[in-house]
A.B. asks: 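I have a structure here, written as structure tokens, and I will follow up with some questions on it.
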Amino acid sequence: MSKTHVTTTINGEPTEYLCEASQSMLDVLRDELDLTGTKEGCGSGDCGACSIIVDDRLVCACLMLGAEAEGRRVLTIEGMSHGDKLHPLQQKFIEMAALQCGVCTPGMLIAAKALLDRNPNPSETEVRFGLAGNLCRCTGYDKIVRAVLDVAAEQRETTR
Amino acid sequence: MMLREDRSPRRYEAALKVRGAARFTAEIPVASMLHAALVLSPLPSGRVGRIDAGEALALPGIVRVLTHAEMPRIDRPGVLIPLQGPDVHHAGQPVALVAATTPAAARRGAASVEVAYERRPAILNLADGEPFAPKTAGRTATDSRRGDPETALRQAEVAIGRRYTTATNNHHPMEPQCVTAQWDGERLTVLTTTQAVFAHRLAIAECFGLRPEDVRIVSHYLGGGFGAKGGAWFPHLVMAIAAARVLGRPLRLELTREQMFTLTGRRQETVQDLKLGATKDGRLTAIVHESLAPTSMFGEYADALATVTRVLHACPNVATRQRLARVNAPQPNPARAPGEGPGSFALESALDELAYELDLDPLELRLRNIAAHDQHVDLPWSSNGLRECYRAGAASFGWARRPMRPGSLREGHQAIGIGMAAACYPAYRMASEAAVGIGADGRVKVRCGTQDMGSGTYTVLAQLAAEALGMSYAEVDVELGDSLLPEGPYSGGSMATASFTPAVETAARDLRGRLLALASADAASPLAGIAPERMSIADGMIRSGNRSEPVSELVARRAPQGLEARAGAAPEARPDFSAFGFGAVFAEVRVDSDLGEVRVSRLTAAYAAGRILNPLLARSQFVGGLIWGVGMALHEATVMDPHLGRVVGTSLADYLIPVHADMPAFDIHMVEEDEPRLGSGGVKGIGMLGTVGTAAAIANAVFHATGRRVRDLPIRVEHLLRPD
Ligand code: FES
Ligand code: FES
């Protein structure tokens, strides 16, 4: 089967890969590039475990074709920390124990980052509705919401 | 006593997980592995005829199509291992397996396999099945009886009888089940999503006639389980292992979300009849709890629906009876708080109804019926913190201000309601071994062949060893999820922690004793000659008076290859007490008067569940359990087509699990108990408790808001909008 050649930027790194025309971005990340931090919970856009940011937009990687990454900037969970330096959301998730099994966690963090990038001052309701597409079967969400609100408040402090 | 969450050690593996760096089963590559996809029967009952794989085999990447004709026979009574014969017992049953070089090729292949079926009559609805008595209900007896409930009911000053129903639910852990099976002659390595590395090792060895020590099961990170990755996953796990043997190559089978509706067990639907008798002043005199639930055509499984009924409230005359009926549907299995969840919905709803018959506050009714001992087995409680749970929960929630009359609280177009329920769950335990060692670098290692579903097993294993040894938590490494380790418990029935805790603590204390003896006997140690009883270990230093030595230096000098102590612990054969965790749940709901939409706005819960090892993670487990109750009450239902026998709507868009926006404000109280009699080191288990009683508390709150008693879960808009 003929493959498509894609040139893109993933987590700041210029990246090239070959993919099948029908291959999802999620499969490209996990199977071709070994970036398995992006999780697959459903493959049909219903769970948010595969959340990535493409050119500042939050996307379900399972609903995007690998070929569509051509010329774009892709951010996955692997690009959220810089070396040993975790993103404040990652740090806060650890501190507050806002994760259990951890399958929803990468997608949750990416979606939370996208939310705060767009709206640095969200209300609790905005966080709850903003992250409603990210399913978690373990935590009951409570600590996740609190972690996101805390990080938002701290970031406002430091930028003031 | 209030437990401090802020002093709890943080989750052991959290830093890996927030980076996406923890490798789950489907993310571990195996050289020259093939990928499997399944061909599923659309019929609920029939016989497979001709299978035409010609078109599939012509596609690129397809290596082989396996049907029941090519698969080795596996003898395992009571379990339907697919591809063992031509008979179809439920829609969605695998009838062929396609092996290919990529997952996508396998899926395309599976879509091109043509299967002819002979259709057979099917029983698709519970009401059409023939009721029979199962051998057991979960881990309990099917029926029970004490006193004379029928006479007591007839003579009761107040009596009610009601029917309650609950829906089929699916577990849906966020990580789909996966196995990669790799044969090497008569040796087998299985990477899989399992809640039970050791139980699965034994069962797999039996299926393939292998020695258990030649089978290795690995599950380092597990993306939730809730019952779906134990026995529920076993048949398809075995099918994939058998296929790998036929193919002569490693094979990975990863289920799709759609297949998780049919191939990984389900919480069975229930029809429950509850009769209560009481005196006018609210003492229970009779309880009769009878239930019917479906099982599959090939396996027998009954949730323990009556456990809570038998023990939670004091009552001299109690009869419980559980029946099953066979239907052409997937095999049911335990799901979080298996019978205790749906069973407590019926019992605790009925208690609320009784309270209204008596015109008595529902909490007061329960306070009048606290069981002084376990009347079911006639043994004293190891401890029963229910009264304290009622008190702490009610005080924090503000229960005392609740008006009795339904429909009395409003805010704008929302009717507000308040309800409560009680909960209990048995403290189970099984045998476990564990090893605790220390290396010349001073790092401690705990090794235990149990799993971490996300509940916090890595963390508590590290914590237990650190505390018992006197080392710091950060100095401990944990190995789990591998059958090469000392045999650990399975993760289910809220029993893993209670099972391994005494083994880890004994091993750690033993290691500590050996370290101190070593220091005492070592002329080169500053502690030489001091009796071990006069030494202590804290923060990695052995101390006595003003003399001290780092543990790491002692080990490096005297045991450069390290030291390890191993220990085992098993439950009491015949305990002379009964051990349960208890709880009380208080719910506030808001019901939109125009739309009938129900939102849970507050959940307060108080739990007395023995010794709590890590309050931070325990709180997560309680909240996690509570939302399973919210899901059961308001959202979750696996709908079966009554004519086709298939699941209607097989995505997470159709099957609603609670989301961020559905969550109430949580208020959790942990009543710590001292449990010297429990051989578990005082641990009772907490994972299930949150799911018990919660659905009833919510339904009772909906009644209080609207005056509508909904006895069928999940509660839907149409229940509340239909005219009276
Ligand atoms: S895997 Fe993409 S939304 Fe679930
Ligand atoms: S932590 Fe397990 S699904 Fe969210």
Side-chain angles (χ1 to χ4, degrees), chain A residues 1 20 22-24 27 30-31 34-47 49 76-78 80-81 86-87 89-91 93-107 109-110 125 127-145, chain B residues 5 8 10-11 13-24 26-27 29 60 102-104 171-176 221-226 254 256-258 452-456 616-617 619-628 630 651-653 657-663 665-666 690:
Chain A
M1 219 170 285
E20 286 187 28
S22 63
Q23 203 169 1
S24 72
D27 286 351
R30 287 171 63 83
D31 301 343
D34 201 33
L35 291 172
T36 56
T38 305
K39 302 300 175 193
E40 172 161 10
C42 67
S44 55
D46 299 315
C47 77
T76 72
I77 188 67
E78 287 89 350
M80 203 161 153
S81 50
L86 295 178
H87 187 278
L89 280 164
Q90 292 173 307
Q91 197 59 50
F93 268 47
I94 297 177
E95 252 166 58
M96 298 182 68
L99 69 150
Q100 293 197 226
C101 80
V103 170
C104 70
T105 310
L109 285 163
I110 288 283
T125 307
V127 173
R128 288 191 182 281
F129 281 78
L131 297 180
N134 289 77
L135 303 183
C136 174
R137 196 58 157 156
C138 303
T139 64
Y141 305 103
D142 192 43
K143 290 173 176 172
I144 297 173
V145 175
Chain B
E5 285 181 38
S8 303
R10 295 312 186 243
R11 183 175 286 276
E13 76 294 6
L16 275 182
K17 285 178 175 173
V18 297
R19 292 183 146 99
R23 289 240 170 204
F24 290 81
E27 296 160 358
T102 68
H171 311 75
H172 286 309
M174 290 316 298
E175 175 203 33
Y221 297 102
L222 190 54
F226 315 113
E254 198 179 355
T256 64
R257 182 57 63 181
E258 179 171 2
D452 192 341
M453 301 194 279
S455 37
L616 181 72
L617 302 194
R619 184 180 195 280
S620 298
Q621 279 289 81
F622 285 130
V623 170
L626 285 163
I627 71 154
W628 277 63
V630 174
S651 77
L652 290 175
I657 73 170
V659 304
H660 273 289
D662 297 316
M663 286 301 100
F666 291 103

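Sequence lines set the chain letters: A, B, ... in the order given, protein chains first and strands last, and positions in each chain run from 1.
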A.B. asks: Examine whether an atom of B:F226 lies under 4.5 Å from a heavy atom of chain A, and if so say whether it belongs to the side chain, the backbone or both; otherwise answer neither.
C.D. replies: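 The answer is the side chain of B:F226.
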A.B. asks: Can B:E27 and A:R30 be counted as an ion pair, charged N to O under 4.0 angstrom?
C.D. replies: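 So B:E27 pairs with A:R30 through a salt bridge.
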A.B. asks: Tell me the closest heavy-atom pair linking A:C101 and B:F24, and the distance in Å.
C.D. replies: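 So the minimum-distance heavy-atom pair works out to O-CZ, 3.3 Å.
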A.B. asks: How many angstroms lie between NZ in B:K17 and CD in A:Q90, if you round to the nearest 0.5 Å?
C.D. replies: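 Answer for the NZ-CD pair, B:K17 versus A:Q90, is 15.0 Å.
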A.B. asks: Side chains of A:L86 and B:R19: does their closest heavy-atom pair fall under 4.5 Å?
C.D. replies: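 They are in contact (side-chain heavy atoms under 4.5 Å apart), so the answer is yes.
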A.B. asks: Considering only heavy atoms, which portion of A:T76 lies under 4.5 Å from any heavy atom of chain B: side chain, backbone, both, or neither?
C.D. replies: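 Contact with chain B involves no heavy atom of A:T76 at all.
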A.B. asks: Checking B:R11 side chain against A:L99 main chain: does a donor-acceptor pair fall under 3.5 Å?
C.D. replies: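 Checking the backbone N and O of A:L99 against the side chain of B:R11, a donor-acceptor pair under 3.5 Å is found.
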A.B. asks: Hey, which of B:P103, B:A22, B:G454, B:G224 has the most heavy atom pairs under 4.5 Å with chain A?
C.D. replies: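 That would be B:G454.
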A.B. asks: So, A:K143 side chain and B:R619 main chain: donor-acceptor pair closer than 3.5 Å or not?
C.D. replies: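 Answer holds: no.
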A.B. asks: Counting only N and O atoms by type, is there a donor-acceptor contact under 3.5 Å from the side chain of B:E175 to the main-chain atoms of A:V103?
C.D. replies: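 No: the side chain of B:E175 does not pair with the backbone of A:V103.
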A.B. asks: Answer whether the closest heavy-atom distance between the side chains of A:E40 and B:P176 falls below 4.5 Å.
C.D. replies: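 In short, these two side chains do not touch, never coming nearer than 4.5 Å.
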A.B. asks: At a heavy-atom separation under 4.5 Å, does B:A653 approach chain A through its side chain, its backbone, both, or neither?
C.D. replies: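 Both backbone and side chain.
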A.B. asks: At a heavy-atom separation under 4.5 Å, does A:T139 approach chain B through its side chain, its backbone, both, or neither?
C.D. replies: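 The answer is the backbone of A:T139.
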A.B. asks: With a 4.5 angstrom heavy-atom cut-off, could you sort out which part of B:S620 is near chain A: side chain, backbone, both or neither?
C.D. replies: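 Contact with chain A involves both backbone and side-chain atoms of B:S620.
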A.B. asks: Given a strict heavy-atom distance threshold of 4.5 Å, which part of B:Q621 is in contact with chain A: side chain, backbone, both, or neither?
C.D. replies: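 For B:Q621, backbone and side chain are both near chain A.
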A.B. asks: Of the listed residues (A:E95, A:M96, A:M80), which shares the most heavy-atom pairs with chain B below a 4.5 Å separation?
C.D. replies: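 Maximum pair count with chain B is reached by A:E95.
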A.B. asks: Given heavy-atom pairs under 4.5 angstrom as the criterion, report whether the side chain, backbone, both or neither of A:L109 touches chain B.
C.D. replies: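 It is the side chain, since no backbone atom gets that close.
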A.B. asks: Please state whether the side chain, the backbone, both or neither of B:L626 comes within less than 4.5 Å of a heavy atom of chain A.
C.D. replies: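 B:L626 has no heavy atom closer than 4.5 Å to chain A.
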A.B. asks: Do you know the tightest heavy-atom contact between A:P106 and B:G20?
C.D. replies: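 Of all heavy-atom pairs spanning A:P106 and B:G20, the closest is CG-CA, 4.1 Å.
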A.B. asks: Can you see which heavy atom on A:G140 is nearest to which on B:V623, and at what distance?
C.D. replies: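 Nearest heavy atoms, A:G140 then B:V623: CA-CG1, 3.8 Å.
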A.B. asks: Measure distances from A:A97 to the heavy atoms of chain B and classify the residue's part below 4.5 Å as side chain, backbone, both or neither.
C.D. replies: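 Answer is both: backbone and side chain atoms of A:A97 are under 4.5 Å from chain B.
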A.B. asks: Donor-acceptor pair, distance only, cut-off 3.5 Å: does the side chain of B:R257 make one with the backbone of A:G41?
C.D. replies: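 Flag set: sc B:R257 to bb A:G41 pair under 3.5 Å.
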A.B. asks: Compare all side-chain heavy atoms of B:M174 with those of A:L135 and state whether any distance is below 4.5 angstrom.
C.D. replies: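 Result yes, sub-4.5 Å side-chain heavy-atom pair found.
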A.B. asks: Checking B:L652 against chain A: side chain, backbone, both or neither under 4.5 Å from a heavy atom?
C.D. replies: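 Both parts, backbone and side chain.
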A.B. asks: Only pairs of heavy atoms separated by less than 4.5 Å count here; which of B:F622, B:Y221, B:W628 has the most with chain A?
C.D. replies: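 With the most close heavy-atom pairs to chain A, the winner is B:W628.
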A.B. asks: Is it the side chain or the backbone of B:M663 that comes within 4.5 Å of chain A heavy atoms, both, or neither?
C.D. replies: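 Contact with chain A involves both backbone and side-chain atoms of B:M663.
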A.B. asks: With no hydrogens and no angle check, is any side-chain donor or acceptor of A:Y141 less than 3.5 Å from a backbone partner on B:D662?
C.D. replies: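 Side chain of A:Y141 to backbone of B:D662: no pair is present.
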A.B. asks: Is chain B contacted by the side chain of A:L35, its backbone, both, or neither, given a heavy-atom distance below 4.5 Å?
C.D. replies: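 It is neither, since no heavy atom gets under 4.5 Å.
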A.B. asks: Does a side-chain heavy-atom distance below 4.5 Å link A:I144 with B:H660?
C.D. replies: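 In contact.
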A.B. asks: Checking the side chain of A:R137 only, and the main-chain atoms of B:P173 only, is there a donor and an acceptor separated by less than 3.5 Å?
C.D. replies: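 Between the backbone of B:P173 and the side chain of A:R137 there is no qualifying donor-acceptor contact (under 3.5 Å).
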A.B. asks: Please state whether the side chain, the backbone, both or neither of A:D34 comes within less than 4.5 Å of a heavy atom of chain B.
C.D. replies: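 Contact with chain B is through both the backbone and side chain of A:D34.
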